[in-house]
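Reviewing the structure listed below.
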Amino acid sequence: MSEIKRKTVSQLLKEAPGSEVLAKGWVRTKRGNKHVAFIALNDGSSVNNIQVVCDTQNFSEELLKDITTGACIAVKGNLVESLGKGQSVEIQATEIEIYGKADPEQYPLQKKGHSMEFLREIAHLRPRTNTFGCVLRIRHAMAFAIHNYFNSKGFCYLHTPLITASDCEGAGAMFQVTTMDLNNIPKNEEGGVDFTQDFFGRQTSLTVSGQLEGELGAMALGSIYTFGPTFRAENSNTPRHLAEFWMVEPEVAFNDITDNMDLAEDFIKYLVKYALDNCMDDLKFLNDMFDKELIERLRGVIDTEFVRLTYTEGVKILEASGEKFEYPVGWGIDLQSEHERYLVEKHFKKPVILTDYPKDIKAFYMKQNEDGKTVRAMDVLFPKIGEIIGGSEREESLEKLEARIAELDMDTRNLWWYLDTRRFGTAPHSGFGLGFERLLLFVTGMANIRDVIPFPRTPKSAEF
Ligand code: 4AD
Ligand code: MG
């Protein structure tokens, strides 16, 4: 068969009939009768299948018997106009080779709809479903669009380390990295762990954010972004938390909080528009199968201006709402997803950027406001998701930053290099982190963050 070059299903579906073609892929379904068999073939290039028509006379009964859901085949034949509904062309098969059979007694992805929970248990096979094909193609498109966006704006993609000795967010939810023998941990004179004997000669962890190193980049290159995996060991079993997730973190010298908000809003709108312009087949499938308002919601975001208001004003609205929240609201609390979603979904009915949070619930590096109580933080809140972006203007004053670090009782020994940016040529600067999977929840309409990453890592779960 190899005398013709294989074309993808996506390519073939766009082609005019009339030529001899070669297609390869996995069988989604086979139906038919004594005379003719119809195979729906998918190779992951599109949510759409190509129909393969086999005149049963031309193939052995044995071969046809092995063409079952999940089997992998190569098909040579003529691309002809299709008389059936739903496709313009189909392949009239002349030759079929079976690469790999899939025993119908054992292959778990049979035709019937499966629950998302069941599919998580077979995450090694779920990319073969329509739903996960759509989600993973959109995930790819969004990653590509992120690089496109920043590249077109002159940002430099900075690769920040995954192994670190500092805790950016100060939440203490870090995975330790060690090569020490856990059954025989070296101790120091005080009886604590002797990390000087560990691989790096100090205590290290997986990063929770690339920001601190991102700031070093911005203070030299002007505009940078990071895009990579980050890790949080918080024991949050929610539909919006992963222990390993991807974060996009732009950091820009000379940007103040307003510039930062403008960038965040423009960036998200670009990504959503990119999905609408480039992933319509996949979005239509997800819209029809899961969430009838998905496409409308995506269009809505591009066309609306995000609301911008302070945390203090937001809390006032929540207090006046008369709504019964599971966690009571009051100035100073860390807003819960139910509060964020009230503001976005019920009160304003559009995305909201909340700013100027109490300093005690935010990280040490945020620029302190004159009131002594709040910092120039910004969270972007989205319908169905809650927080999708967290960011801030950074404290550029060495004095104020050192005072805050002392107040929080943090160890400056690990941060001397960070403080050097404030010591030498400091400048106003701002940045934010977009949770890539939170973005994908919004764009795909999926309800659980475990279903927008190929192999989710969550508490008590690291299979595959
Ligand atoms: O708000 P966070 O913690 O901010 C930072 O880490 C800053 N250093 C970012 C910066 O300013 N450069 O996290 C940023 C975003 C959140 O808004 C959320 O979208 C996502 O990361 N996120 C998570 N996504 C999935 N699972 C988790 N456990 C997440 N924690 C945060
Ligand atoms: Mg946050």
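Note that the coordinates shown come from a computational prediction; the quantities given were computed from them, not determined experimentally. First listed ligand is number 1; within each ligand, the first listed atom is number 1. Note: hydrogens, waters and symmetry copies are ignored here, and every other heavy atom, side chains too, is used.
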* Parallel, tilted or perpendicular for Trp246 and Phe227, by the 30°/60° rule? ->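 Trp246 vs Phe227 ring planes: perpendicular.
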
* Anything under 30° is parallel, anything over 60° is perpendicular, the rest tilted; go ahead and classify Phe325 against Tyr342. =>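 Taking Tyr342 first and then Phe325, their aromatic rings stand perpendicular (interplane angle over 60°).
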
* **Lys359 and Glu395 ion-paired at < 4.0 Å** =>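 No.
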
* Asked: Thinking salt bridges, do Arg299 and Asp303 make one under a 4.0 Å N-O criterion?
  ->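 No, this pair does not count.
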
* ring pair (Phe, Tyr, Trp, His ring centres under 6.0 Å) between Tyr418 and Tyr365, intermediate numbers included -> CA-CA 10 Å; Tyr418 181 71; Tyr365 51 72; 7.4 Å; no

* Asked: Does a side chain donor of either Thr164 or Ser166 reach within less than 3.5 Å of an acceptor in the other side chain?
  ->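 Yes, because at least one side-chain N or O of Thr164 sits under 3.5 Å from a partner of the opposite role on Ser166.
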
* **Residues which pass ring-ring contact (aromatic ring centres under 6.0 Å, His included) with Tyr149, listed by chain and number, not counting sequence neighbours** =>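 Phe267, Tyr270.
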
* Quick one: name the protein N/O/S atoms under 2.8 Å from the Mg ion (ligand 2), chain by chain. =>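 Listed by chain and number, the atoms are Glu387 OE2.
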
* Name the residues in contact with ligand 1, where contact means a heavy atom under 4.0 Å away: which are they? ->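 Within 4.0 Å of ligand 1, protein side: Cys168, Glu169, Ser209, Gln211, Arg232, Glu234, Arg240, His241, Leu242, Phe245, Met247, Glu249, Tyr365, Glu387, Ile388, Ile389, Gly390, Gly391, Arg394, Gly431, Phe432, Gly433, Gly435, Arg438, Ile449.
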
* Can you tell me if Tyr311 uses its side chain to pair, donor with acceptor, with the backbone of Gly332 under 3.5 Å? ->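 Checking the backbone N and O of Gly332 against the side chain of Tyr311, a donor-acceptor pair under 3.5 Å is found.
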
* To do: Sequence neighbours left out, what passes side-chain hydrogen bond (donor to acceptor under 3.5 Å, both in side chains) with Thr204? Give chain and number order.
  =>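 Partners of Thr204 by the side-chain hydrogen bond (donor to acceptor under 3.5 Å, both in side chains) criterion come out as none, since no residue qualifies.
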
